[in-house]
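Scope of the values below: all heavy atoms of this structure, side chains included, with no hydrogens, waters or symmetry mates. We count ligands from 1, going down the list as the structure has it; atoms in each ligand are counted the same way.
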Amino acid sequence: MSTPVYLVEYSDVAAEAGARNTIGGSPVLPAGESWPECFCGSRMVLFFQFDIPADIPVFGGNHLLAFQCRHHDDVPFVESGPQLPDAFWDGPTNPGYPGPFWRLMLHRDETGPVGDTEKTFSARVLTLSAGSDGSADGDYWPLFKVGGEPDWVQSPESPRCPCGADMVFVCQVPESYGFSDEHEPYADDYMIFLGNAVYVLACPVRCHPAAVWPVPQN
Ligand SMILES: [Zn+2]
Ligand SMILES: [Zn+2]
């Protein structure tokens, strides 16, 4: 039996207040976490969030959130190799910056959306629909998907959580994926992690809600 895979797509449908699967919108944060800020003091942009379908191994039933500063669009780069630095989520993950400029979080806390909304994009509905590994756009262009096997465009990478656990694949975002505001389609696209293909891996032990790492490739 093959592992479940869900394809993620975003629509022109405006997300209603309280929606959990969105581009922009109101984040459903882990208990005890507030809306993350970049080292520069700006509130980070909520790029997307969704509930991971229950039948996905390891992370089914968790809620994933992806934030990054709109002024500091870059990629994490650490010298430590596969072993990630202690509490990397609160520290610098790129030699060019003194502190965090992105934050990915994964949790299953019984929290609801915060009483504030992302202003960079209009909140829109994300849909997850059953797919399969190997469904690709073209020869091997990675799709936006959750679960299954990562479609690496370079060599596979295996980051290790500060707690010692080998991180497990959660989802991937295609290269050059633009998050645009519906009022100015394509004129004002925002990309995450410089528009790399991004492979999101997380600590299977869930030692911290932000023990989630983006591997950028192109
Ligand atoms: Zn910033
Ligand atoms: Zn861990």
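- For an aromatic pair to be called close, the ring centres must be under 6.0 Å apart, and Y10 with F48 fails this.
- At a cut-off of 2.8 Å, measuring from the Zn ion (ligand 1), the protein N, O or S atoms that fall short of it are C38 SG, C40 SG, C69 SG, H72 ND1, waters left aside.
- Remark: aromatic rings of Y199 and W152 are close, center separation under 6.0 Å.
- Contact check on R108 versus D51 returns no salt bridge, with no Lys/Arg side-chain nitrogen under 4.0 Å from an Asp/Glu carboxylate oxygen.
- Aromatic pair Y97/H72: ring centres closer than 6.0 Å.
- With values rounded to the nearest 0.5 angstrom, M167 atom CE is found 11.5 Å from S158 atom OG.
- Taking the six-membered ring for Trp and the full ring otherwise, the centers of W213 and W89 sit at least 6.0 Å from each other.
- For F39 and F101, the distance between ring centers is not under 6.0 angstrom.
- Judged by distance alone, the side chain of N196 and the main-chain N or O of F193 form a donor-acceptor pair under 3.5 Å.
- Protein N/O/S atoms found under 2.8 Å from the Zn ion (ligand 2): C161 SG, C163 SG, C203 SG, C207 SG.
- With ring centers used as reference points, F47 lies under 6.0 Å from F121.
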